[in-house]
Amino acid sequence: MEHPIQTTFLQKAYRNAGIDPGNWHPERGFRANESTLERLYLYYQALYFKQPGAFWWAGLARLTGGQVLFGMRNAVRIMRDPCVMTQQIVAVAKDIFENLAWQHELFLHDPELLFQVCETIHTRHEHPYADCWRLLYSGDAERIGRGNRMLLENEQCHTIQPHYDIIRKDNYARPYFRLTRFVMRNIHPHHRRFIVEFPLGDITRFADRWRWISHPRGMWARWVAAGETERSRLVALSNEAVVKHRW
């Protein structure tokens, strides 16, 4: 059961994103939800700039949206929409938002209250959310980076991977999904494409995807090393600039 504070701040996140939850229907696939996804990634952009010194996950989520839009716009040219793949990609975007947006909104409102609420919510995540947010609240760059990385690992392992597993089991979607290892681009300009880093890997599996994200010269380390000025420059780009990699 959701904590009432969680419900209140999720509603606030929906309002701030300009998204009507009643119009977000993953079962209808990508095209029917494309405008909602565009609003979602603009929301992450605005959210990042409310705390650019702390909301590093949100900034990276904003840039990841460019790959989602790029990949799905091309995918639906050659595959059915809706299908299991397009439905699950929209569903995972919604689940990430509903899992983390209210936490960011509550952090902005009252960090101590967020810690308390997180401690009352039972989750199956690797890193307790209260621990993540205390690190973000520390004011120390190393600890802020660690807390954001923990948020990212929770998301990749426990929110994204179950949806990917559904796609991997679907006879129609599976062959298309396997192609993502070849077409997955770099999320920001300071790291390399998946196929270049791990030519024998499978990005649809958490272990391989997390290696790409977390290795010492990978997506996350380079995001942290880029510094606030460069992160902010990239996050401020338009949706289309991010989609087209006009860095």
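Since this is a predicted model, take the numbers as computed values, not measurements.
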>> Between Trp223 and Leu63, does the side chain to side chain contact (heavy atoms under 4.5 Å, CB included) criterion hold? Intermediate values first, please.
In response: CA-CA 11 Å; Trp223 184 238; Leu63 295 180; 3.5 Å; yes
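- Residues that satisfy the side chain to side chain donor-acceptor pair (under 3.5 Å) test with Arg28, not counting sequence neighbours, are absent from this structure.
- Residues Phe55 and Leu47 come closest through the heavy atom pair CD1-O, 3.3 Å.
- With 3.5 Å as the limit, one finds a donor-acceptor pair spanning the side chains of Thr86 and Asp81.
- When only modelled atom types and interatomic distance are considered, His158 and Glu126 share no side-chain donor-acceptor pair under 3.5 Å.
- His190 and Glu230 share a side-chain donor-acceptor pair at under 3.5 Å.
- Under the 4.0 Å criterion applied to side-chain N and carboxylate O atoms, Glu142 and Arg146 are assigned as salt-bridge partners.
- At a threshold of 4.5 Å between non-hydrogen side-chain atoms, the residues Ile187 and Phe194 do not count as touching.
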> Going through the distances and angles, do Ile167 and Thr204 end up as a side chain to side chain contact (heavy atoms under 4.5 Å, CB included)?
Replying inline: CA-CA 9 Å; Ile167 303 172; Thr204 71; over 6 Å; no
>> Would Arg246 and Glu240 count as a salt bridge (charged side-chain N to carboxylate O under 4.0 Å, His left out) here? Give the steps.
In response: CA-CA 8 Å; Arg246 291 176 179 167; Glu240 288 308 301; over 6 Å; no
>> For Glu155 and Arg149: C-alpha separation, side-chain torsions, deciding distance, then whether salt bridge (charged side-chain N to carboxylate O under 4.0 Å, His left out) applies.
In response: CA-CA 10 Å; Glu155 168 210 333; Arg149 186 180 185 275; over 6 Å; no
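- Separation of the Phe198 and Trp212 ring centroids does not fall under the 6.0 Å cut-off.
- Heavy atoms from other residues, nucleotides or ligands lying under 6.0 Å from CZ of Arg217 number 12 at most.
- Side chain to side chain, Tyr14 and Glu105 fail the donor-acceptor criterion of an N or O pair below 3.5 Å.
- For the pair Arg134 and Phe115, the cation-pi criterion (under 6.0 Å, within 45° of the ring axis) is fulfilled.
- Using a 30° and 60° split on the angle between ring planes, Tyr137 and Phe107 fall in the perpendicular class, above 60°.
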> Should Trp102 and Thr7 be marked as a side chain to side chain contact (heavy atoms under 4.5 Å, CB included) after you check the CA-CA gap, both sets of side-chain angles, and the distance that decides it?
Replying inline: CA-CA 8 Å; Trp102 72 268; Thr7 302; over 6 Å; no
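- Looking only at side-chain heavy atoms (C-beta outward), Pro162 and Val92 stay at 4.5 Å or farther from each other.
- When each of Trp133, Phe9, Tyr44 is paired with His104, the ring pair (Phe, Tyr, Trp, His ring centres under 6.0 Å) condition holds for Trp133 and for no other.
- A salt bridge links Glu34 to Arg73: one of the charged nitrogens lies within less than 4.0 Å of a carboxylate oxygen.
- At least one side-chain heavy atom of Tyr176 sits less than 4.5 Å from a side-chain heavy atom of Ile78.
- Taking 4.5 Å as the limit, every side-chain heavy atom of Leu179 sits out of range of all side-chain heavy atoms of Met184.
- A donor-acceptor pair shorter than 3.5 Å cannot be found between the side chains of Asn33 and His25.
- In this pair, His188 and His191 present their aromatic rings tilted. The plane angle is within the 30 to 60° band.
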> Please walk me through it: do Arg181 and Asp202 pass salt bridge (charged side-chain N to carboxylate O under 4.0 Å, His left out)?
Replying inline: CA-CA 6 Å; Arg181 64 191 290 260; Asp202 181 351; 6.0 Å; no
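- Side chain of Arg185 to main chain of Arg193: no donor-acceptor pair is present (N/O by atom type, distance under 3.5 Å, no hydrogens or angles).
- Relative to the six-membered ring of Phe177, Arg168 misses at least one condition, a distance below 6.0 Å or an angle of at most 45° to the axis.
- Figure legend: Arg62 and Tyr48 shown without cation-pi pairing, the cationic atom not lying both under 6.0 angstrom from the six-membered ring centre and within 45 degrees of its axis.
- Between the side chain of Tyr172 and the backbone N or O of Arg80, at least one donor-acceptor pair lies under 3.5 Å.
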